[in-house]
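To start, the structure itself, in structure tokens.
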Number of protein chains: 2
Amino acid sequence: MREGPDIARIASLVGDPARANMLSALMDGGALTASELALEAGVGLPTASSHLAKLGDGGLLSQSSQGRHRYFRLAGPQVAAMLEAIMGVAETAGPKRARPGPRDASMREARVCYDHLAGEHAVAMLDGFFTRGILDQGKDGVVMGKAGPSFFAAAGIDLSTLPGKRRPVCRACLDWSVRRSHLAGSLGAAILDRILEQKWARRDAQSRAIRFTPPGRRAFERTFLA
Amino acid sequence: MREGPDIARIASLVGDPARANMLSALMDGGALTASELALEAGVGLPTASSHLAKLGDGGLLSQSSQGRHRYFRLAGPQVAAMLEAIMGVAETAGPKRARPGPRDASMREARVCYDHLAGEHAVAMLDGFFTRGILDQGKDGVVMGKAGPSFFAAAGIDLSTLPGKRRPVCRACLDWSVRRSHLAGSLGAAILDRILEQKWARRDAQSRAIRFTPPGRRAFERTFLA
DNA sequence: CGCATGGTTTGATCCTAGTCGAAGCATCTT
DNA sequence: AAGATGCTTCGACTAGGATCAAACCATGCG
């Protein structure tokens with residue numbers, strides 16, 4: 001008999017297919033209503049409501065009521081990181097899975113992870129930041145490097161607005177498709193915002209995939225990849 | 001209805017208390033027999049056998065038969081990393097938990113994570129490695145730095161024996177208690193080996209905690225922490 | 001107001017999955 | 001061989017939990 005964190009309790013929350021679908025649907029960091037999540041999970045409204053209550057009690061979801069709508073979102077970046085970690089082993093440890101099709105390929109290339117960019121592009125970007133001294137691996141994880149401030153200013157990102165919230169500015173997040181780190185934290189979120197704001201890419205409505213336009217991809221590479 | 005990795009399948013494997021206990025017991029990277037795991041999980045032998053079969057099919061455990069014993073261990077470092085991630089949210093998202101007692105305090109300070117050192121000491125060590133140029137954050141994650149070879153030679157670790165296996169030499173692993181990275185990979189494993197071999201510390205028999213002897217702690221700090 | 005819409009609660013149903021006793025294999029010991 | 005030990009399989013029992021229909025609140029709109 002062991003002690004330690006009650007891992008079974010929260011794993012069993014994720015272990016139900018309906019709840020897992022809901023959580024996956026929220027992995028893009030957005031907020032959805034109970035009925036949307038019911039649809040997403042392929043389950044009736046009462047069932048969904050019950051599931052959502054459990055996820056709320058379990059601390060995986062936060063809820064906010066607006067009028068007669070009730071919005072649910074992931075409780076925080078840690079929850080998203082955990083889900084990515086589970087996806088990682090599901091991908092490799094899972095039984096013979098159909099090889100990732102074209103849709104999955106675009107997910108591998110670029111997708112939203114909670115509120116920041118993930119996938120091959122994001123991993124390459126973080127690598128470049130390190131080698132160019134834009135970010136550094138410091139005492140408290142990832143930290144701003146010497147070349148950082150001027151770089152981000154040139155890229156149109158205002159660093160002064162980032163601190164102040166409770167979340168760290170820089171954070172590393174393990175990528176389940178590439179299995180290397182990409183940049184999370186408020187800086188990661190700001191970069192994704194910038195990409196979308198410039199209309200270099202748009203979010204797929206159905207999945208978490210990010211689709212770059214051809215000129216957008218070039219602009220992204222010119223700006224963020226050396 | 002979503003696609004993507006079958007997250008519910010593997011989360012539900014972890015979601016059963018008996019299986020969660022077994023997995024926790026294996027988090028130290030060691031191998032245990034079916035009966036030991038049954039005891040650890042507080043469950044009968046037939047039940048344990050059934051659980052172990054499921055964990056094996058699910059790809060979370062690897063098994064090896066030696067004589068009439070059957071040994072089980074975690075399938076790989078990714079599985080351990082996932083479990084640590086789940087522990088992380090269980091720790092924060094969990095409901096009012098009893099504040100960590102003395103035993104948990106020693107776990108936070110130093111413990112085994114699969115096959116390498118985790119906890120505050122390990123996080124401080126990796127930080128020091130980065131600032132002293134012993135390791136660097138390179139294109140492919142953590143990589144040997146300029147000062148590395150001479151440093152590890154002085155510390156009694158033979159780098160030439162490390163590569164060759166399928167696992168990376170250096171890897172970052174997110175620490176659930178401190179929520180910052182520590183060093184995994186074969187180099188991380190070699191450092192832990194060295195610490196135990198020098199008898200600077202011993203492993204707690206019951207938990208994953210690592211207990212330094214007073215002179216051992218000084219030697220560790222002198223050797224690995226600046 | 002009255003009605004529609006979004007969400008929760010209740011109650012009943014059903015089924016999966018965890019549990020163990022007993023019997024069955026396999027392997028080691030004597 | 002005969003016995004002991006470690007583990008798995010089989011069979012039966014049970015409990016927990018997922019599900020939905022129907023009734024019940026709450027909010028917004030005309």
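Here is the naming used below: chain letters follow the sequence lines, and residue numbers restart at 1 for every chain. Because only heavy atoms are used, hydrogens play no part in the values below, and waters and symmetry mates are left out as well, while side chains stay in.
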Working to the nearest 0.5 Å, report the span between CE of A/M27 and CZ of A/R73. 14.5 Å

Do the side chain of A/R19 and the main chain of A/L13 share a donor and acceptor less than 3.5 angstrom apart? yes

A/L45 side chain: which of C/dG7, D/dA18, D/dT8 is closest? C/dG7

Under 3.5 Å: donor-acceptor pair, side chain of A/S49, backbone of A/L45: no

Separation of B/D57 atom CG from C/dA17 atom C1', in whole Å? 15 Å

Between C/dG6 (P) and A/L39 (CG): distance, integer Å: 13 Å

In whole angstroms, the gap separating C1' of C/dG6 from CG of A/L52 amounts to 13 Å

Any A/K54 side-chain N or O less than 4.0 Å from OP1/OP2 of D/dG17: no

Ring geometry between A/F220 and A/F212 (parallel below 30°, tilted from 30 to 60°, perpendicular above 60°): tilted

Does B/R70 have a side-chain nitrogen or oxygen under 4.0 Å from the phosphate oxygens OP1 or OP2 of C/dA26? no

Whether the side chain of B/R194 engages the backbone of B/I157 through a donor-acceptor N/O pair (distance < 3.5 Å, no angle test) should be reported. no

Can you tell me how far C1' of C/dA17 sits from NE2 of B/H51, to the nearest Å? 9 Å

What string of B, S and - do you get for nucleotides 22-30 of chain D 5' to 3' if you count protein non-hydrogen atoms under 4.0 Å? B----BS--

Please state how far atom CD in B/Q63 lies from atom C1' in D/dG6, giving the value in whole angstrom units. 14 Å

Test your reading of the model: is there a side-chain donor-acceptor pair from A/S50 to the backbone of A/P46, 3.5 Å cut-off? no

B/F72 side chain: which of C/dC20, C/dG7, D/dT8 is closest? D/dT8

Rounded distance in Å - CG (A/L13) to C1' (D/dG17): 13 Å

Could you check how far CG of B/N21 sits from C1' of C/dT19, rounded to whole Å? 15 Å

Apply ring pair (Phe, Tyr, Trp, His ring centres under 6.0 Å) to B/F72 and list each qualifying residue two or more places apart in sequence or on a separate chain. none

Looking only at the side chain of A/H69 (C-beta and beyond, no hydrogens), which of the listed nucleotides C/dT8, C/dG6, D/dT19 gets closest? C/dG6

What's the CG-P distance between A/D16 and C/dA17, to the nearest Å? 11 Å

Candidate nucleotides C/dT8, D/dT8, C/dT19, ranked by approach to the side chain of B/T47 - the nearest: C/dT19

